[in-house]
Amino acid sequence: MIRLRIQVAHWPRRSLVLTDTPRPACSNCEGLGGIEHPYGDHNGEYAGSDWEPCDCWNETRRWFLMSLPRRPRWLRRRDNGRDPWGPDGYSNEPPF
């Protein structure tokens, strides 16, 4: 059975898509959609993890619904979000 949800995708343009979700009561992945396998390097330190997708979910199953309009230029953000009065754009003052 397909469990669909609406999601915003950002490829190649912002759009709404229907996507499949993992089965919540799956005994293999416990509703996560896959199984993570962490691995280490030759010293035994954590080096990363591999992801094995579960059979209860197909992450490539998507249906395009509609493209979303672009924001007008006057609504787009014009600054980079940094404090212009702080050193190098960052403030070293406490927040109070």
Side-chain angles (χ1 to χ4, degrees):
M1 180 176 171
I2 298 175
R3 294 142 315 275
L4 299 175
R5 68 175 172 175
I6 296 176
Q7 188 176 24
V8 176
H10 296 279
W11 41 259
R13 185 176 172 191
R14 287 187 63 206
S15 59
L16 288 179
V17 293
L18 275 176
T19 61
D20 188 19
T21 57
R23 192 174 67 222
C26 179
S27 60
N28 292 335
C29 67
E30 298 173 351
L32 296 176
I35 302 163
E36 182 180 16
H37 300 286
Y39 58 89
D41 60 5
H42 62 280
N43 293 329
E45 296 291 324
Y46 176 76
S49 56
D50 288 332
W51 179 262
E52 178 185 346
C54 187
D55 295 335
C56 72
W57 177 49
N58 185 356
E59 60 185 327
T60 61
R61 188 179 299 157
R62 296 177 185 211
W63 293 276
F64 172 79
L65 292 178
M66 64 182 285
S67 59
L68 295 175
R70 296 181 187 197
R71 285 186 165 187
R73 285 186 182 244
W74 59 274
L75 276 179
R76 292 183 190 160
R77 190 177 227 179
R78 291 190 179 100
D79 63 344
N80 57 6
R82 298 189 323 187
D83 182 15
W85 292 281
D88 296 327
Y90 294 100
S91 175
N92 59 2
E93 297 288 323
F96 42 84

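Side chains are part of it too, since the values below use all heavy atoms of this structure and drop only hydrogens, waters and symmetry mates. Source: prediction; values computed, not measured.
Rounded to the nearest 0.5 Å, atoms OG1 (T19) and CD (Q7) are 4.5 Å apart. S49 OG to I35 CD1: the interatomic distance, rounded to the nearest 0.5 Å, is 13.0 Å.
Among residues two or more places apart in sequence or in another chain, the side-chain contact (heavy atoms from CB on, under 4.5 Å) test is passed with D41 by N43, E45, A47. Remark: L16 pairs with I6, V8, L65, M66, L68 by the side-chain contact (heavy atoms from CB on, under 4.5 Å) rule, at least two apart or across chains. Remark: H10 pairs with no residue by the side chain to side chain donor-acceptor pair (under 3.5 Å) rule, at least two apart or across chains. Partners of W51 under the side-chain contact (heavy atoms from CB on, under 4.5 Å) rule, at least two apart in sequence or in another chain, are E36, P53. Legend: residues meeting side-chain contact (heavy atoms from CB on, under 4.5 Å) with L4, ordered by chain and number and at least two apart, are I2, L18, W63.
Residue R13 places its CZ atom among more than 12 non-hydrogen atoms of other residues, nucleotides or ligands, all under 6.0 Å distant.
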For a quick test of your reading: what N or O donor-acceptor pairs under 3.5 Å do the side chains of residues 23-30 make, sequence neighbours left out?
none

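One N or O on the side chain of W57 and one on the backbone of D20 form a donor-acceptor pair closer than 3.5 Å.
Using a 4.5 Å cut-off between side-chain heavy atoms of Ile, Leu, Val, Met, Phe, Trp and Tyr, W11 falls into a hydrophobic cluster with V17.
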